[in-house]
Amino acid sequence: MTGLTTVWRASQRGRDTARRQKPVSGGRALCFRRKLPAPKFQPMSKGVTPRSQDYARWYTDVVQKAELADYGPVKGTMVIRPYGYAIWEALQAAFNRRFKATGHQNAYFPLLIPKSYFSREAAHVKGFAKEVAVVTHYRLINDPDGDGLIVDPEARLEEELIIRPTSETVVWSMYKQWINSYRDLPIKINQWANIVRWEMRTRLFLRTSEFLWQEGHTAHATAAEADEETRQMIEVYREVVEEEMALPVIVGRKTDSERFPGAVETWSIEAMMGDRRALQSGTSHNLGQNFAKAFDVTFRTEDNREELVWAPSWGVSTRLIGAMVMAHGDDKGLRLPPRLAPIQVVVVPIFKDDTRSAVLSAAGKLVTDIAHQGVRVELDDRDNVSPGFKFNHWEMKGVPVRIELGPKDIAEGKAVLVRRDGDGKEDRALQGVAAGLPALLDDIQRSLFRQAEEFRAEHTHVPENWEAFKALMAAGGFARCGWDGDPQTEAAIKADTKATIRCIPLDEDPTGLTCIRTGKPARHEVIFARAY
RNA sequence: CGGGGCGUGGCGCAGUCCGGUAGCGCACCUGCUUUGGGAGCAGGGGGUCGUAGGUUCAAAUCCUAUCGCCCCGACCA
């Protein structure tokens with residue numbers, strides 16, 4: 001409790017003092033001049049920090065005010081609140097449907113992993129060791145020297161356990177037991193789980209010490225099959241993110257430096273956020289035979305040879321919710337794509353004491369009609385807050401469509417309809433407004449995708465030269481250009497511009513391109529951006 | 001780990017320099033009036049000032065220690 005208290009107090013304090021001091025110093029005197037200088041910061045008593053003022057703070061404000069999530073008591077942890085979790089459930093449903101359609105089954109592996117398992121694969125260890133939480137004891141006792149509980153020094157574990165930062169090692173330790181013959185392959189398992197990575201700098205949804213995700217682990221008899229699986233799943237991710245989240249992504253491969261620890265090839269989908277930075281939104285890895293080697297997982301082929309099993313793994317996390325906030329949100333709050341919105345339409349009745357029952361009964365009827373269309377609808381009949389408050393409230397929550405219904409409307413046989421993805425209100429005949437909603441929601445879904453796509457197009461460029469590249473990275477955006485394939489060039493570019501190679505896009509064509517920095521012939525056409 | 005800052009009702013803060021027994025806004029509760037873009041008025045409840053120790057007649061305020069958190073830098077879905 002006190003932890004939470006200080007979080008806010010401390011962070012707000014600095015900003016507020018800074019904000020207050022500027023206008024206050026000499027502010028009075030300046031009032032006598034003809035033109036009032038605009039105060040540098042307009043204190044926002046309501047709503048959220050405008051994106052243009054402080055994008056990071058806008059994001060945090062929206063996540064909290066829309067009641068998606070809140071900070072947990074332990075540094076870097078978050079509570080996903082019901083509204084945020086409902087979005088996660090919608091995403092899970094969308095993914096599960098496709099995972100199952102492509103022959104995968106859900107299962108669950110344990111949270112705790114023997115430290116020795118974790119150490120089997122060298123690159124894997126190197127990648128995760130720095131951020132693994134370790135369980136060393138199994139008991140607390142009363143402190144003999146005072147009050148409170150202490151870790152019982154007698155209760156040290158013989159073998160220390162790690163809390164999974166990902167599950168490759170446990171999964172493959174089990175696959176060793178399950179796989180003997182080519183007849184046992186392929187195994188295509190997915191698990192929904194929480195994982196822990198002790199992050200230094202955390203942000204709600206985007207990077208927290210514990211997060212929820214899905215990790216697929218499959219085992220195959222051939223390299224070709226593993227490669228096919230890896231590509232198929234990145235395509236599934238593309239489809240869900242673009243079609244359900246209305247967020248356009250670039251599909252591509254990672255360079256060596258950005259690859260998953262232990263993978264031979266990593267594919268990712270990369271999206272552009274509202275501040276023009278890139279967000280890796282899903283990854284699919286071809287692990288080759290690395291984990292099979294580490295866990296000695298072999299099988300008998302049809303012609304009785306012993307071979308190592310081939311492995312992909314793939315995952316998306318609650319980070320996707322952060323992506324949705326940052327890609328679609330505006331200064332009024334969230335804008336949710338209808339396919340994932342927990343509430344697709346909200347009806348706000350407007351009434352006074354004398355009109356209350358008439359309005360509420362008309363609104364109730366409307367809500368029933370809407371529900372019959374298969375639309376997720378909510379009636380906000382609270383009478384302790386004003387209609388204006390409700391408008392802002394539901395806009396903050398990103399509900400795609402709002403219908404206002406008051407006595408005047410009912411008299412005229414109409415309702416007022418407001419799309420969250422645009423501005424302005426329009427009248428609709430009360431008859432038929434419900435029937436039109438499914439098509440309207442589809443239109444909003446498309447419109448959000450189009451807006452995100454246009455935004456990305458506006459900020460994606462092919463820089464002519466190094467100077468143009470630097471300017472683009474400083475301004476923010478995606479650069480599509482040549483790279484000589486040298487990791488040192490990549491590192492130098494990062495040092496100069498903070499930009500990294502987000503991916504080598506699926507449709508790359510390096511022919512005739514030169515490296516943006518060295519001028520050497522390009523080995524790959526890549527996407528550069530500053531990333532989260 | 002290095003640098004900077006902060007812990008005072010649920011939240012945001014003032015009070016700390018110049019010790020005198022805690023205040024403001026929001027939120028909350030009650031009532032009345034309201035309700036088409038974040039309602040108004042009146043009344044009310046709630047904190048011992050991160051923790052521990054010290055100085056003092058007296059500590060949110062001074063001293064010491066300690067814990068925690070935030071921001072910036074070195075890692076990452």
query: Where does the angle between the aromatic ring planes of Tyr237(A) and Phe95(A) fall among parallel (under 30°), tilted (30 to 60°) and perpendicular (over 60°)?
result: perpendicular
What's the closest nucleotide to the side chain of [X] if the choices are [options]?
{"X": "Asp353(A)", "options": "U35(B), G37(B), A77(B)", "answer": "U35(B)"}
{"X": "Asn392(A)", "options": "G37(B), A77(B), U35(B)", "answer": "G37(B)"}
{"X": "Glu131(A)", "options": "C75(B), U35(B), A77(B)", "answer": "C75(B)"}
{"X": "His393(A)", "options": "G36(B), A77(B), G38(B)", "answer": "G38(B)"}
{"X": "Ser317(A)", "options": "U35(B), A77(B), G37(B)", "answer": "A77(B)"}
{"X": "Gln280(A)", "options": "A77(B), G36(B), G37(B)", "answer": "A77(B)"}
{"X": "Phe391(A)", "options": "C75(B), G37(B), A77(B)", "answer": "G37(B)"}

For the pair made of [atom1] in [X] and [atom2] in [N], what is the distance, rounded to whole Å?
{"X": "Asp70(A)", "N": "C11(B)", "atom1": "CG", "atom2": "P", "result": "11 Å"}
{"X": "Met200(A)", "N": "A77(B)", "atom1": "CE", "atom2": "C1'", "result": "15 Å"}
{"X": "Arg203(A)", "N": "C70(B)", "atom1": "CZ", "atom2": "C1'", "result": "14 Å"}
{"X": "Asp354(A)", "N": "U33(B)", "atom1": "CG", "atom2": "P", "result": "13 Å"}
{"X": "Tyr71(A)", "N": "C71(B)", "atom1": "OH", "atom2": "P", "result": "7 Å"}
{"X": "Met273(A)", "N": "A77(B)", "atom1": "CE", "atom2": "C1'", "result": "13 Å"}
{"X": "Lys414(A)", "N": "G36(B)", "atom1": "NZ", "atom2": "P", "result": "15 Å"}
{"X": "Ile350(A)", "N": "G37(B)", "atom1": "CD1", "atom2": "P", "result": "8 Å"}

Counting only Watson-Crick pairs (N1-N3 plus N6-O4 or O6-N4) and G-U wobbles (N1-O2, O6-N3), all under 3.5 Å, who is the partner of [N]?
{"N": "G47(B)", "answer": "none"}
{"N": "C62(B)", "answer": "G54(B)"}
{"N": "C26(B)", "answer": "G10(B)"}
{"N": "C69(B)", "answer": "G5(B)"}
{"N": "U21(B)", "answer": "none"}
{"N": "U35(B)", "answer": "none"}

Pairwise [atom1] distance, [M] and [N] [rounded to whole Å]:
{"N": "U21(B)", "M": "U30(B)", "atom1": "P", "result": "34 Å"}
{"N": "U35(B)", "M": "G40(B)", "atom1": "C1'", "result": "12 Å"}
{"N": "G53(B)", "M": "A14(B)", "atom1": "C1'", "result": "28 Å"}
{"N": "G19(B)", "M": "G9(B)", "atom1": "P", "result": "24 Å"}
{"N": "U64(B)", "M": "G47(B)", "atom1": "P", "result": "31 Å"}
{"N": "U55(B)", "M": "G73(B)", "atom1": "C1'", "result": "40 Å"}
{"N": "G68(B)", "M": "A59(B)", "atom1": "C1'", "result": "22 Å"}
{"N": "U61(B)", "M": "C49(B)", "atom1": "C1'", "result": "10 Å"}

- prompt: How far does OG1 of Thr169(A) sit from OH of Tyr117(A), to the nearest 0.5 angstrom?
  reply: 9.0 Å
Which is true for [X] with a 4.0 Å heavy-atom rule: it touches a base, it touches only sugar-phosphate, or it touches nothing?
{"X": "Glu404(A)", "answer": "base"}
{"X": "Val416(A)", "answer": "base"}
{"X": "Asp383(A)", "answer": "nothing"}
{"X": "Thr208(A)", "answer": "base"}
{"X": "Leu206(A)", "answer": "base"}
{"X": "Phe260(A)", "answer": "nothing"}
{"X": "Lys408(A)", "answer": "base"}
{"X": "Gly315(A)", "answer": "nothing"}
{"X": "Arg402(A)", "answer": "base"}
{"X": "Lys254(A)", "answer": "nothing"}

query: Would a 4.5 Å heavy-atom cut-off, applied to side chains only, mark Tyr71(A) and Met78(A) as touching?
result: no
message: Could you tell me if the side chain of Ile87(A) sits less than 4.5 Å from the side chain of Pro342(A), heavy atoms only?
response: yes
statement: Judged by nearest nucleotide, the residue sitting upstream toward the 5' end of RNA chain B, Arg356(A) or Lys126(A), is Arg356(A)
Taking the six-membered ring of [Y], is NZ or CZ of [X] closer than 6.0 Å to its centre and within 45° of its axis?
{"X": "Lys254(A)", "Y": "Phe260(A)", "result": "no"}
{"X": "Arg98(A)", "Y": "Trp314(A)", "result": "no"}
{"X": "Arg164(A)", "Y": "Phe109(A)", "result": "no"}

field: Under 4.0 angstrom between Arg201(A) side-chain N/O and C72(B) OP1 or OP2
entry: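 Answer is yes, contact under 4.0 Å.
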task: Look at the side-chain N and O atoms of Lys130(A) and state whether any lies under 4.0 Å from the OP1 or OP2 oxygen of C75(B).
output: no
- line: Between Gln214(A) and the options Asn106(A), Thr318(A), Asn190(A), the side-chain contact (heavy atoms from CB on, under 4.5 Å) test singles out Asn190(A)
task: Check whether the side chains of His393(A) and Glu67(A) place a donor and an acceptor atom closer than 3.5 Å, and report yes or no.
output: no
field: Aromatic ring of Phe389(A) stacked on base six-ring of A39(B), 5.5 Å, 30°
entry: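 No; by the centre-distance and plane-angle rule, Phe389(A) does not count as stacking on A39(B).
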message: Regarding G37(B), can its base be found pairing with the side chain of Lys425(A) as donor and acceptor, where the two atoms are less than 3.5 Å apart?
response: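 Such a pair is found, so the answer is yes.
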